[in-house]
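Here's the structure, in C-alpha cells; my notes come after.
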Amino acid sequence: MVFAHHTNGAPVIKIQSSERIDSLNNGYVYMKSLRYYRDLERENPGNVDVGDEYEAQVHINSGYILIPELNHVEALRDQLIHTNIDNSFVFCLLSIPEDTSSFTFTDVQKEKLSSFGDSALVITDRDEFVKRLVSKLEGDGYAVFYGHVRYYDPTVDNVLHFVDLITNGIASIAFRKRQKYSYQQEFRIVAVKNETQQDNISVNIGDISEISKSITLDKLLNATFIAQK
C-alpha cells in the first residue's frame, strides 16, 4: 500500500484496537494523564513501550542543586525531579517524517509497534485534526501545547534541554523522551489543567473520516509513504 502526502503536515497515525480506531474515526479522542504512563511502567516494570517512568519529570544525570533554606548544595546522580504537569492529558500519535521523500517502517518498528493494537488510523490532514482538537480543548478550559517529541540520551546532560525548560516553560518536558522510545516518532497534543485529578478525558471533535483512513496494522507496517511537493 502506498500513501502519497505533502511534506508540509505529513500524516500522523494512531495504532490501537479496532474498536478504539472506529471510535477515533467518529471523533472521540481519548486522552490519558502523563501520570498514567509513568505509573504504568512503575507498576509493570516489563511495560517499557507504552509505560515510561520518566514522564512529567526532569532527569538529571549528574549535577547539583542548591537548597537555600539550608545553605546546602546537594549532589544529584541519575535523579528524577518531579514537576507539576503530571495531571496534564496527552494524545500520542506516530508521525511520518517530514524531511524524507519516502518512508517505510524499520524491522524494529514493526516488532515493537505490533504490541500497540491490531488496527491503525492514518490521519492524512494533521493540521486540520490538530485545529479541531485544540479548539475543543481550549473551549473546555485547557491550555494546549502540541509538537514533535525530541529524544535524548539519559546518560548525558544537555544544557539545551534546560534552556528549553526555562524558555518555553515546564510543559515542554512533556515533549522530551529517552532515546529508546525514538522508534515511536511521536507527535503529541498536551492539554493542561492543573487542578484536575482525573486519569483521563474524552472529547468529541466530530467525525474525521474525510481526513483519515482506517487500515489493519499489518497493512500499515508494510506501507510506503511518499512525499509530494
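Small disclaimer: the values here were computed from a predicted structure and weren't measured. Throughout, numbering of the chain's residues begins at 1 and tracks the sequence.
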Can you confirm whether more than 12 heavy atoms, excluding those of [X], are under 6.0 Å from its [atom1] atom?
X: Q179; atom1: CD; result: yes
X: Y146; atom1: OH; result: no
X: Y28; atom1: OH; result: no
X: D107; atom1: CG; result: no

Can you tell me how far the [atom1] atom of [X] sits from the [atom2] atom of [Y], to the nearest 0.5 Å?
X: F145; Y: R188; atom1: CZ; atom2: CZ; answer: 14.0 Å
X: Y152; Y: Y181; atom1: OH; atom2: OH; answer: 9.5 Å
X: S212; Y: N26; atom1: OG; atom2: CG; answer: 9.5 Å
X: L113; Y: I15; atom1: CG; atom2: CD1; answer: 4.5 Å

Go through it in stages, so that I can follow the logic: the residues are L220 and I13, the test is side chain to side chain contact (heavy atoms under 4.5 Å, CB included), and I'd like the CA-CA distance, side-chain angles, deciding distance and then a yes or no.
CA-CA 9 Å; L220 171 77; I13 301 164; 3.7 Å; yes
Can you tell if the side chain of [X] reaches within under 4.5 Å of the side chain of [Y], non-hydrogen atoms only?
X: I189; Y: L137; result: yes
X: E98; Y: R126; result: yes
X: K112; Y: V108; result: yes
X: V29; Y: M31; result: yes
X: F89; Y: V144; result: no
X: S102; Y: T224; result: yes
X: L24; Y: F91; result: yes

Set out, in order, the CA-CA distance, both residues' side-chain angles and the distance that settles side chain to side chain contact (heavy atoms under 4.5 Å, CB included) for E111 and T106, then state yes or no.
CA-CA 9 Å; E111 177 186 356; T106 66; over 6 Å; no
What is the minimum heavy-atom distance between [X] and [Y], and which atoms define it?
X: L217; Y: S114; answer: CD2-CA, 3.6 Å
X: F225; Y: P11; answer: CD2-CG, 4.4 Å
X: P97; Y: A10; answer: O-CB, 4.3 Å
X: I205; Y: F129; answer: CD1-CE1, 3.7 Å
X: D118; Y: S18; answer: OD1-N, 3.0 Å

In terms of side-chain heavy atoms, does Q109 have a donor or acceptor partner in Q185 at a distance below 3.5 Å?
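There is such a pair between these side chains.
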Indicate whether the side chain of N25 and that of S214 have a donor and an acceptor atom separated by less than 3.5 Å.
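Short answer, no.
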Let me see the working for L121 and D22 under side chain to side chain contact (heavy atoms under 4.5 Å, CB included), right down to the final yes or no.
CA-CA 9 Å; L121 191 68; D22 288 343; over 6 Å; no
Give me the ring orientation class for F187 and H148: parallel if the planes are under 30° apart, tilted from 30 to 60°, perpendicular past 60°.
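Plane angle over 60°, so perpendicular.
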Can you label the angle between the F116 ring and the Y183 ring as parallel, tilted or perpendicular, going by 30° and 60°?
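Rings of F116 and Y183: perpendicular, over 60°.
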K14 side chain vs C92 backbone, donor-acceptor pair below 3.5 Å
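Answer holds: yes.
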Got a donor-acceptor contact below 3.5 angstrom from the R178 side chain to the D153 backbone?
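Pair absent, no side-chain N/O of R178 close to backbone of D153.
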Working note: I96 + V122, criterion side chain to side chain contact (heavy atoms under 4.5 Å, CB included); need CA distance, chi angles, decisive distance, verdict.
CA-CA 10 Å; I96 299 303; V122 180; over 6 Å; no
On the six-membered ring of Y30, is R20 placed so that its NZ or CZ lies under 6.0 angstrom from the centre and within 45° of the ring axis?
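The answer is yes; both the distance and angle limits are met.
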Using the ring of Y142 (Phe, Tyr or Trp, six-membered ring only), decide whether K193 places NZ or CZ under 6.0 Å from its centre and within 45 degrees of its axis.
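Yes, K193 and Y142 form such a contact.
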Side-chain ion pair, R35 and D199, N-O less than 4.0 Å
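Answer for the salt bridge query: yes.
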Check this for me, if you would: do E186 and R150 make a salt bridge, where the nitrogen-to-carboxylate-oxygen distance has to be below 4.0 angstrom?
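Salt bridge: no.
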For residues 132-142, which residue pairs qualify under salt bridge (Lys or Arg N to Asp or Glu O under 4.0 Å), counting only residues two or more places apart or in two chains?
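Every pair satisfying salt bridge (Lys or Arg N to Asp or Glu O under 4.0 Å) with a residue in residues 132-142: E128-R132, R132-E210, K136-D140.
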